[in-house]
Amino acid sequence: MSSSEISLSEQISAHIRTAILAAIDAGQLPKEISKEVPESISLERPKNRDHGDYASSIALQLAKPSGKNPRDVASILQSNLAVIPEISKVDIAGPGFLNITLNRASQAELVSTILTLKKSYGHSTGLKGVRINLEFISANPTGPLHLGHTRWAAVGDALGRVLSAAGADVVREFYINDRGNQMDLFGASLEAAALGKPIPEDGYQGQYISDIAASLVAQDPQLMSMPEPQRVNEFRERGYAWQLGDQKRVLDNFGTHFDVWFSERSLHEGGSVDVAMVKLRKQGHVFEEEGATWLRTTDFGDDKDRVLTKANGDLTYFASDTAYYINKRGRGFDICIYMLGADHHGYVGRLKATAACAGDDPEYNIHVLIGQLVKIMEGGEEVKLSKRAGTIITLEELVEKVGVDAARYTLIRYPVDTPMILDVDVLKRNTNENPVYYVQYAHARIAGVLRNAQELKIPVGLENFDPSQLTHDRENELLGSLAEFPKIVAGAAEMREPHRVARYLEELAGVYHRFYSDCRVLPLGDEPISALHSSRANLCAATNQVIKNGLDLLGVSAPEKM
RNA sequence: GUCCCCGUAGCUCAGUGGAUAGAGCAACCGCCUCCUAAGCGGUAGGUCGCAGGUUCAACUCCCGCCGGGGACACCA
C-alpha cells in the first residue's frame with residue numbers, strides 16, 4: 001500500500017505510538033505501561049481551531065499508570081513528535097492534551113489522493129470478507145408500502161451502500177410474508193370487493209382493494225364465474241402477484257433495489273423448517289409440553305419460551321422466523337441484520353435467543369435495528385394515519401409530494417431509533433430549512449465554478465496542483481473536513497448509522513460555502529492566471545468528488561446545476 | 001407489572017468519555033457594479049429532565065426517580 005492510501009491521521013496516530021514506545025525504550029516512561037498503550041492512538045479533530053489540526057489525550061490516559069504528571073508525559077511525547085516531517089508543531093494544552101498542527105503542504109496532498117482515488121475515496125476494508133445479510137422492509141404483499149416502510153427503504157438502502165463501502169459483502173433481502181391467515185384474508189377481501197359484497201370481518205379495507213379487484217377482473221373476466229374454493233384462491237394468488245409487482249415497481253422508482261426476494265412459502269416448501277428443527281433439537285433447546293413444541297429461549301435471556309408447533313400441529317410465525325434465520329446462516333452469512341419497526345421490538349430478545357439456541361453468538365451473528373415511527377405534518381398539522389380509515393400515506397404518495405431526493409435524504413438524516421416528524425411543506429421548500437438542498441447546492445455551485453474554470457482555460461488536473469499554495473485558514477479547514485470522510489463512512493458502517501454520512505455532508509457543505517466566500521477561486525477581472533487558481537480549482541474538484549461520493553452512499557443525486 | 005426508545009436553545013434536532021455543548025429554522029444587524037445570495041458574516045438565545053455514583057475528565061457510562069412515546073399472544 002502506498003503512503004497516499006493511508007490517511008494522514010493514521011500516519012500521525014502511528015507516529016505517536018512509535019513515540020511512546022521509543023520513550024519507554026529510552027527509560028523516559030516506565031516499562032509497565034507498555035500494556036496500557038492502545039493498538040491505535042485515537043485522534044480527534046478539535047472544534048476549536050486554536051487547538052491544532054488534531055488532538056490526542058493519550059498523555060492523560062498514560063499519566064496514571066506511569067505515575068507521572070500528565071503534562072510531563074505530554075512533554076516527553078512532544079519532543080519525540082516534533083521531528084516528524086508532516087507535523088509542523090506540537091503544543092501541550094490544558095491538563096495535558098497534545099495539540100498537533102500539520103504541515104500545510106502535506107495536508108494538501110489529500111487533494112491528489114482524492115482526485116486519484118475518485119469514487120473509491122471513502123472506501124475502507126474494515127468489513128472486508130464479512131458476508132452480511134441485510135433484511136429490511138419485508139412488508140406483507142397485501143397492501144401498498146406505507147410511511148414506515150419508506151423509512152426503511154431509504155435507510156436500509158443507504159446502510160447497504162455504507163456497509164459495501166466498508167468492504168462488506170452485502171446481500172439486501174426482502175422477506176415476503178406470503179403464507180398464512182393474512183394472505184387468506186387478502187384473497188377473501190379482494191373477492192368480496194369484486195362481487196360487491198361487504199369486506200369480511202378483520203379483512204383489508206381501503207380503496208386499493210377495490211382497485212386491485214377491478215383490474216384483476218378486467219384482466220380475466222372468467223374469474224367471476226369460477227367455482228369455490230378456486231375463485232378465492234385465484235383472487236389471493238393474482239392479488240399477491242399484482243401487489244408484489246407494485247411494491248417492486250415503487251421501490252425501483254425510489255432507487256432501492258433488492259438482491260433477494262425471499263418467499264416465506266419457499267422456506268417451507270424447500271424444507272428449511274425441517275432443517276432448522278433438526279438443528280435446534282441437536283442443540284438441545286427444544287421440548288414438548290401441553291401438546292405443543294417449544295424452543296427454550298429463556299436459556300438465553302428471553303422472557304418466556306416460544307412455541308414452534310402449536311398443539312393443533314400448525315407452525316407458528318416464530319417457527320418461520322427461526323427457520324429463516326437458520327436458513328440465512330446456512331447460506332453463509334456471517335452477520336444477519338434485521339431492520340424492524342418499533343412494534344416489533346419485542347422480537348429482539350427472542351431473535352437473539354433464537355440465534356443462541358442455534359449455537360451462534362447473538363452479539364456478533366445477529367443485529368437488530370428498531371426504527372421508530374414517522375409522523376407526517378402537512379399544512380401545519382399532523383396528518384392522522386389510520387389503516388382502518390384508509391388514511392395511510394404510501395411511499396408513492398410521499399415521493400409525488402416531495403420527490404425522491406428530499407424524501408430519501410430527510411428519512412436518512414435522523415438516527416432510526418428516534419421518532420421523526422416529516423414536514424411535507426418544508427420538504428417542498430428550496431431553502432436552508434431543507435438540508436438536502438443545502439448539500440446539493442454546494443455540489444451544483446462547485447460544478448459551476450469548475451465549468452467556468454474550464455472556460456477561462458485555467459489549467460486543472462493534478463499536474464497543475466501545487467499543495468504549498470493552499471495556506472489560507474479556510475482551505476485548511478476544508479482539507480481537514482475532506483480528510484474526515486473515510487472515518488465517517490467506516491464509523492457509519494460499524495455503528496449501522498448512515499445518518500452520520502448525511503450530517504457530515506451538511507458540515508462539509510457549510511465548510512465549502514465559507515471557503516467560497518473567503519477564497520476567490522477564479523481570477524478576478526484581468527488578473528493573470530496563477531498557480532493558486534489551479535490549486536484552488538483542484539481543491540474544488542476534490543470537494544465535489546467527496547460530496548458526490550457521500551450523496552451516492554445515500555442514494556441521493558448530486559446535481560451539476562440547480 | 002416487565003421490557004424498549006426518548007427528554008439538549010423558543011421550534012426541529014445533531015453530538016463514538018475530552019478543552020468554551022453545536023446546526024438549521026424563528027428574532028435582530030450586516031454582505032451581491034466580478035466564480036450560483038438555494039450563499040456568507042455577526043448579535044441574542046442553555047441548571048444538556050432531577051438526584052447520586054465511576055473517572056484525571058460525564059450530555060455521553062452505571063444506579064434511582066420524574067415526564068413523554070411504544071411493545072408485551074399457541075395474533076400476524
Side-chain angles (χ1 to χ4, degrees), chain A residues 42 44 46-48 50-51 55-57 59-61 63-64 69-70 93-97 99 140 142 177 179-183 185 202 290-294 303-304 306-312 314-320 341-349 370-373 377 413-421 423 426 429-442 444-453 455-456 458 487 491 494-495 497 499-500 502-503 506-507 509-510 512-525 527 533 536-537 540 561-562:
Chain A
S42 67
E44 50 195 273
K47 291 166 210 151
N48 187 333
D50 296 338
H51 294 155
S56 172
S57 57
L60 292 158
Q61 290 160 40
K64 198 169 192 183
N69 177 311
F97 289 104
N99 289 339
N140 292 339
T142 54
N177 291 109
R179 198 170 162 278
N181 214 355
Q182 293 302 309
M183 289 304 291
L185 275 172
D202 299 328
E290 295 168 13
T293 304
W294 300 66
D303 48 0
K304 60 188 81 164
R306 306 290 169 177
V307 173
L308 289 164
T309 311
K310 298 181 199 175
N312 67 10
D314 288 350
L315 287 164
T316 60
Y317 269 77
F318 175 68
S320 288
D343 54 337
H344 287 70
H345 104 262
Y347 280 33
V348 180
I370 294 296
Q372 296 293 323
L373 293 177
M377 302 267 295
R413 83 184 277 269
Y414 298 97
V416 290
D417 58 7
T418 63
M420 67 170 293
I421 297 173
D423 191 325
V426 167
R429 263 173 237 158
N430 299 344
T431 69
N432 273 7
E433 275 179 274
N434 194 356
V436 64
Y437 284 108
Y438 186 75
V439 176
Q440 289 184 318
Y441 176 62
R445 195 180 218 188
I446 296 171
V449 170
L450 294 174
R451 277 192 301 271
N452 294 342
E455 234 166 75
L456 292 171
I458 292 175
K487 263 188 277 183
E494 189 190 328
M495 287 179 272
E497 291 184 344
H499 78 272
R500 287 170 184 278
R503 299 289 173 161
E506 290 166 33
E507 175 66 31
Y512 180 79
H513 288 313
R514 287 190 283 280
F515 156 81
Y516 179 90
S517 352
D518 290 356
C519 298
R520 176 85 199 181
V521 177
L522 304 177
L524 204 51
E527 191 188 346
H533 298 131
R536 282 184 173 166
C540 287
K561 278 182 185 173
M562 284 175 79

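Just so we're on the same page: letters track the sequence lines, and every chain starts at 1. Every value quoted in this text rests on a predicted model; they were computed, and no experiment measured them.
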* Please tell me which of the listed nucleotides, B/C34, B/C75, B/U16, lies nearest to the side chain of A/L524? => B/C34
* **A/W294 side chain, from C-beta outward: closest of B/C74, B/G18, B/U16** => B/C74
[X]: partners by side-chain contact (heavy atoms from CB on, under 4.5 Å), with sequence neighbours left out:
X: A/E44; result: A/A55
X: A/P95; result: A/L60, A/F97
X: A/D314; result: A/K310, A/N312
X: A/Y516; result: A/R445, A/V449, A/Y512

* Partners meeting ring pair (Phe, Tyr, Trp, His ring centres under 6.0 Å) with A/H513 (sequence neighbours left out) -> A/Y438, A/Y441
* Asked: What about A/N99, does its side chain sit under 3.5 Å from the base of B/A19 through a donor-acceptor pair?
  -> yes
Atom pairs, protein N/O to nucleotides 2-8 of chain B N/O, distance under 3.5 Å:
residue	atom	partner	partner atom	Å
B/C3	O2	A/H345	NE2	3.3
B/C4	O4'	A/H345	NE2	3.3
B/C5	O2'	A/D417	O	2.6

* Asked: In whole angstrom, what separates A/Y414's OH from B/G69's P?
  -> 21 Å
With [X], which residues qualify under side-chain hydrogen bond (donor to acceptor under 3.5 Å, both in side chains), at least two apart?
X: A/S320; value: A/E264, A/H268
X: A/T316; value: none
X: A/R500; value: A/E497
X: A/D417; value: none

* When we call it a touch if two heavy atoms are under 4.0 Å apart, what does A/A444 touch: a base, just sugar-phosphate, or nothing? -> base
* Do nucleotides 22-31 of chain B as a string where each nucleotide becomes B, S or -: B if the base has a protein heavy atom under 4.0 Å, S if just the sugar-phosphate does, - if no protein is that close. => --SS------
* Stem segments of RNA chain B by first residue number [Watson-Crick or G-U, under 3.5 Å, at least 3] -> B:1-7 with B:66-72, B:10-13 with B:22-25, B:27-31 with B:39-43
